[in-house]
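Heads up: the structure comes next, in structure tokens.
When a ligand or atom number is given, it counts from 1 through the structure's own listing order.
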Amino acid sequence: MALAPVRPLTAFSAQTPAQDASVQRLADDLFVLRIPGEASVVANISADGVVLVDGASAAGSDALMKAVGSVSGGRPVQTIFNTHWHPEQVGSNELLGKAGKPIVAHENTRLWLNADVTWPWSGKRFKRLPKVAQPNKTFYTTGQLPSGVRYGYIPDAAHTDGDLYVQFPKQNVLAVGDVISADGWPVVDYTTGGWIGGIVGALQRLQTMVDADTRIVPARGPVIGVAELKTQLQMYATIYDRLTQLLNKGRGPGEAVAAKPTKEFDAQMGNPDEFVRRAFESLWGYLSPDA
Ligand SMILES: [Zn+2]
């Protein structure tokens, strides 16, 4: 990346402003906002204000709020959902929490945001959020906003153990966070509960919630439909099968990678090694005899 030499060095810290958003219109009142390098955000505009599904990272929050202002005609954010606890989702929480807005999440997401988390496979550390930035309206099963927007827990632990969906029935749109990746292999965050069996379970569950016209918005990649959902379900079910067979034969993660359990999908999905390793390790917590 080329740096513009006229700007002071401090401008190139972690707070480097994100570039402008691209906006995909799903309906007159429903948009997908994409800030380069950030997870996608869904914005639902009404007379009362804006409902957001996820809020970008802290570094992307300013650019996101600018984009929200431009699609909403300056209406304020009224409610934000956190589809799960990852930093790419919760970077606007502090701003909105300080403004007294509802931050809706599954209770498990709040618990993770109230704890320091370390990923054992990379050593990456995540500091707990200040109280004001933590979800302040948590739930366990399902809920509904006065506008008719529905939300619910995805209890399969596909990506984390706090995943939620947000359903816009009028527009037939389903926002699913990182439970579906439409941009290559997903992160299987088993530290906070996610596992490959949960991906299969969640995709089966989501399949019962959509019809031929439903548009599904993942946090990464393009908007997809039921055909892509079915293709992904078949793929992950196949991989899950192969990985459990390897586990039952007493194989380890390195052997699982070497066995190429994703081989027919790699041309489309990209290098699978990191995914296969995480997916295999995720089985330990759920399927190992002494777990
Ligand atoms: Zn995530």
Side-chain angles (χ1 to χ4, degrees), residues 18 32-42 52-61 64 80-93 103-129 133-135 138 151-166 174-203 205-206 216-224 229 232 236 269-270 272 274-279 281-282 285:
V32 183
L33 309 178
R34 294 187 178 87
I35 315 278
E38 298 283 338
S40 298
V41 171
V42 176
L52 292 182
V53 183
D54 287 331
S57 71
S61 179
L64 174 66
I80 183 166
F81 288 93
N82 293 158
T83 57
H84 58 291
W85 70 269
H86 285 160
E88 296 86 349
Q89 273 67 42
V90 302
S92 297
N93 279 21
I103 302 170
V104 185
H106 187 269
E107 174 63 12
N108 288 347
T109 294
R110 186 189 70 78
L111 292 171
W112 289 123
L113 289 170
N114 192 38
D116 296 337
V117 176
T118 303
W119 281 349
W121 57 85
S122 65
K124 194 170 175 186
R125 294 171 150 203
F126 305 92
K127 291 290 286 177
R128 77 184 64 202
L129 292 189
Q134 291 175 18
T138 62
Y151 55 95
Y153 185 36
I154 305 175
D156 311 278
H159 184 62
T160 71
D161 64 11
D163 302 328
L164 67 74
Y165 68 82
V166 182
L174 184 65
V176 297
D178 278 329
V179 165
I180 295 178
S181 168
D183 183 26
W185 297 111
V187 173
V188 184
D189 183 1
Y190 63 75
T191 307
T192 62
W195 77 300
I196 175 75
I199 295 177
V200 176
L203 293 179
R205 182 182 304 275
L206 294 175
I216 303 165
V217 187
R220 301 278 175 183
V223 174
I224 63 168
L229 175 62
Q232 285 215 10
Y236 287 113
M269 297 291 289
E274 186 82 355
F275 163 72
V276 170
R277 190 172 281 273
R278 291 296 91 70
E281 289 167 349
S282 80

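When atom types are taken as modelled, the side chain of Tyr153 and the backbone of Asp161 share a donor-acceptor pair closer than 3.5 angstrom. For Asp116 (side chain) and Arg128 (main-chain N/O), a donor-acceptor pair under 3.5 Å exists by modelled atom type.
Distances from the Zn ion (ligand 1) under 2.8 Å pick out these protein N/O/S atoms: His84 NE2, His86 ND1, His159 NE2, Asp178 OD2.
You'll find the side chain of Asp189 reaches within 4.5 Å of the side chain of Trp119, heavy atoms only.
When only modelled atom types and interatomic distance are considered, Thr160 and Trp112 share no side-chain donor-acceptor pair under 3.5 Å.
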Chi angles and distances behind the side chain to side chain contact (heavy atoms under 4.5 Å, CB included) call for Leu206, Ile216: CA-CA 10 Å; Leu206 294 175; Ile216 303 165; 5.8 Å; no
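The side chain to side chain contact (heavy atoms under 4.5 Å, CB included) test applied to Glu274 returns Trp121, Arg278, not counting sequence neighbours.
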